[in-house]
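Report on the following structure.
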2 protein chains.
Amino acid sequence: MAQSTPEAGSGRVPAEAVQEATVPVPAAAGSGPISHAIFRLARLHRMFAGQLLRRIGLHPGQELVMMHLWELGPQRQTDLVRLLDSDAATMTRTVRRLEQAGFVRRRPSPTDRRASLIEPTAASHALRREVEQVWSRLEDISTAGLSDDERAAALRTLERLEHNLAVAAADSADADPQR
Amino acid sequence: MAQSTPEAGSGRVPAEAVQEATVPVPAAAGSGPISHAIFRLARLHRMFAGQLLRRIGLHPGQELVMMHLWELGPQRQTDLVRLLDSDAATMTRTVRRLEQAGFVRRRPSPTDRRASLIEPTAASHALRREVEQVWSRLEDISTAGLSDDERAAALRTLERLEHNLAVAAADSADADPQR
DNA sequence: GTCGATTGCCTGTCTGAACAAGTAAATCAC
DNA sequence: GTGATTTACTTGTTCAGACAGGCAATCGAC
């Protein structure tokens with residue numbers, strides 16, 4: 001988040017200052033306004049989520065692993081990778097850190113000696129409500145001042161952009177099938 | 001991006017498969033639908049930008065530094081940090097890598113012996129058009145099938161969400177001014 | 001059964017991003 | 001001018017994420 005607001009620290013933040021901080025890339029923004037907006041929104045959103053998660057002892061990304069484990073029960077790493085559309089290498093390290101933090105435990109799979117089952121610990125269940133509060137807080141903040149209709153419209157917009165990118169990714173993926 | 005589409009690789013990707021890949025977090029998504037949509041959109045967008053940038057020899061983030069240098073001319077690192085709303089430490093390393101890649105050069109500031117001026121090299125100017133093409137391509141893909149009105153509406157939506165988060169960030173920043 | 005391919009997982013490496021801490025130069029207060 | 005503070009930058013550490021490579025267990029074709 002860097003220095004957030006250099007001139008702040010004392011009193012109220014004027015609306016212009018917020019507007020300023022909202023548009024950190026005024027110069028090169030002319031090129032792709034929507035792309036730039038996605039980029040900036042993503043930055044802020046991730047930063048905010050990171051702040052909230054830090055207070056409960058999780059790093060961004062770890063909460064998603066835990067949520068899946070809480071909902072679905074013990075999973076192999078491969079399953080987690082598929083659920084999160086993540087990377088096996090990243091999952092190896094994320095699980096190890098969660099294990100070191102005491103939030104998950106590994107148990108050898110009874111049917112496949114290559115795999116191990118990752119399961120949430122009892123200690124982790126205390127986190128669950130906090131994680132849900134973080135998500136709910138994030139949602140409230142993001143959609144502050146929006147009516148139900150506007151939220152539905154915003155969701156459709158986001159999903160439409162996502163769908164466009166997903167289709168393009170799938171197209172370019174089977175355009176060069178060298179993997 | 002991981003394995004994109006496990007069952008693909010042969011022919012066309014059915015719409016359901018795209019939809020599947022579009023929603024990698026179906027389970028825990030019920031909590032904050034908009035937050036989740038932002039998260040997924042951001043992931044895809046970043047991944048796509050990364051793919052395009054990789055072909056021209058840049059890593060995500062580096063292109064923003066270069067765009068500012070091309071537009072504004074030589075800048076101190078502090079200026080770049082402020083323009084990108086980034087971090088001084090990150091900027092130190094990013095500039096070093098761009099320097100090693102031959103895209104920027106450092107020159108000591110004539111007026112401030114603490115600072116150095118970062119300037120784009122002649123070699124870097126060949127990149128400029130390619131970077132602009134990447135941004136334009138990304139914009140086209142993201143907004144495919146949207147009318148001008150819909151693009152404007154999407155932009156307003158994104159900026160509204162961004163504004164909400166920016167205000168909340170500013171508020172929580174001057175709520176605890178211990179920094 | 002045996003051999004080859006696939007699957008599950010790990011390590012190494014490189015990148016951005018964030019935080020903490022430190023150094024050196026410039027600026028401000030007196 | 002002297003001392004305290006601020007500024008510009010660097011380094012160290014830790015995290016996620018992506019890619020390459022590698023090992024061992026499993027599965028499939030034969």
Side-chain angles (χ1 to χ4, degrees), chain A residues 1-4 6-7 9 24 39 42-51 53-54 57-65 75-82 84-101 106 108-118 178-179, chain B residues 1-4 6 9 24 39 42-51 53-54 57-65 75-82 84-101 106 108-118 169 178-179:
Chain A
M1 68 127 51
Q3 63 286 60
S4 50
E7 63 284 280
F39 176 80
R43 252 170 95 70
L44 260 180
H45 188 263
R46 181 179 181 77
M47 184 202 80
F48 217 104
Q51 275 191 342
L53 287 171
R54 233 158 72 92
L58 288 177
H59 290 266
Q62 300 184 340
E63 90 281 13
L64 293 176
V65 175
Q75 301 284 317
R76 299 176 303 162
Q77 290 190 192
T78 293
D79 298 328
L80 292 172
V81 165
R82 190 171 31 76
L84 301 178
D85 193 23
S86 175
D87 179 282
T90 299
M91 192 51 66
T92 291
R93 292 178 253 252
T94 297
V95 166
R96 190 186 340 135
R97 282 160 195 148
L98 285 172
E99 192 181 11
Q100 286 165 354
R106 318 174 84 113
S109 163
T111 64
D112 189 336
R113 278 194 298 151
R114 296 170 301 177
S116 53
L117 292 177
I118 314 300
Q178 86 298 10
R179 39 147 89 222
Chain B
M1 65 132 42
Q3 64 283 62
S4 49
F39 177 79
R43 252 169 94 69
L44 260 179
H45 188 264
R46 181 179 181 79
M47 184 201 80
F48 217 103
Q51 276 190 342
L53 287 171
R54 233 160 74 88
L58 288 177
H59 290 267
Q62 299 184 340
E63 90 281 14
L64 293 175
V65 175
Q75 302 283 316
R76 298 176 305 161
Q77 289 188 193
T78 292
D79 299 328
L80 292 173
V81 165
R82 191 171 30 76
L84 302 180
D85 192 23
S86 175
D87 179 282
T90 298
M91 192 52 66
T92 291
R93 293 179 250 252
T94 296
V95 166
R96 191 183 344 147
R97 283 160 194 150
L98 286 172
E99 191 181 12
Q100 286 164 354
R106 317 172 83 112
S109 163
T111 64
D112 189 336
R113 278 194 298 151
R114 297 169 302 175
S116 53
L117 293 176
I118 315 300
Q178 85 300 10
R179 43 146 90 222

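This one's a predicted model, so the numbers in the text were calculated from it and none came from an experiment.
- Between A:T90 and the phosphate of D:dA18, there is no side-chain N or O to OP1/OP2 separation shorter than 4.0 Å.
- Checked by atom type and distance alone, the side chain of B:R97 never pairs as donor or acceptor with a backbone atom of B:Q62 at under 3.5 Å.
- In this structure, of C:dG8, D:dC19, D:dT11, it is D:dT11 that holds the atom nearest to the side chain of B:A89.
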request  = For the pair B:R82 and B:Q75, evaluate side chain to side chain donor-acceptor pair (under 3.5 Å) and give the outcome as yes or no after the intermediate values.
outcome  = CA-CA 11 Å; B:R82 191 171 30 76; B:Q75 302 283 316; 5.6 Å; no
task = Please lay out, stage by stage, how A:R76 and A:R114 fare under the test side chain to side chain contact (heavy atoms under 4.5 Å, CB included).
result = CA-CA 10 Å; A:R76 299 176 303 162; A:R114 296 170 301 177; 5.9 Å; no
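- Rounded to a whole Å, the CZ atom of B:R76 is 6 Å from the P atom of D:dC9.
- Contact annotation: B:R106 reaches the phosphate of D:dT10 (side-chain N/O to OP1 or OP2, under 4.0 Å).
- Look at A:R113 and you'll find a side-chain N or O under 4.0 angstrom from OP1 or OP2 of D:dT26.
- Rounded to whole angstrom, the span from the CZ atom of A:F48 across to the P atom of C:dA18 amounts to 14 Å.
- To the nearest angstrom, C1' of D:dG17 lies 9 Å from CZ of A:R93.
- No donor-acceptor contact under 3.5 Å links the side chain of A:R114 to the base of D:dT26.
- Between the side chain of B:E63 and the main chain of B:G61, a donor-acceptor pair closer than 3.5 Å is present.
- Look at A:R96 and you'll find a side-chain N or O under 4.0 angstrom from OP1 or OP2 of C:dT11.
- Across the protein-nucleic acid pair, A:Q62 atom CD and D:dC15 atom P stand 8 Å apart, rounded to whole Å.
- Both B:T111 and A:D112 lie close to DNA chain C; mapped to their nearest nucleotides by heavy-atom distance, the more 5′-ward contact belongs to A:D112.
- Within 4.0 Å of B:T92, counting heavy atoms only, lies at least one base atom of the nucleic acid.
- To the nearest angstrom, P of C:dT15 lies 12 Å from CZ of B:R54.
- Under 4.0 angstrom from either OP1 or OP2 of C:dA18 there lies no side-chain N or O belonging to A:Q51.
- Rounded to whole Å, the distance from CG on B:D87 to P on C:dA21 is 15 Å.
- Across all strands, B:A88 comes closer than 4.0 Å to base atoms (heavy-atom distances).
- Taking 4.0 angstrom as the limit, A:Q77 places a side-chain polar atom (N or O) nearer than this to OP1 or OP2 of C:dC10.
- Using a 4.0 Å heavy-atom distance criterion, B:S116 is classed as a sugar-phosphate-only contact.
- At D:dC9, one or more side-chain N or O atoms of B:T78 fall inside 4.0 Å of OP1 or OP2 (strictly under the cut-off).
- The CD-C1' distance, from B:Q100 to C:dC14, rounds to 12 Å in whole Å.
- Here the rule is side chain to side chain contact (heavy atoms under 4.5 Å, CB included) with A:I118, and of A:L98, A:L80, A:T94 only A:L80 fits it.
- A donor-acceptor pair under 3.5 Å links the side-chain atoms of A:R43 to the main chain of B:D85, judged by distance alone.
- Atom C1' of nucleotide C:dG16 and atom CZ of A:F39 are separated by 10 Å, given to the nearest angstrom.
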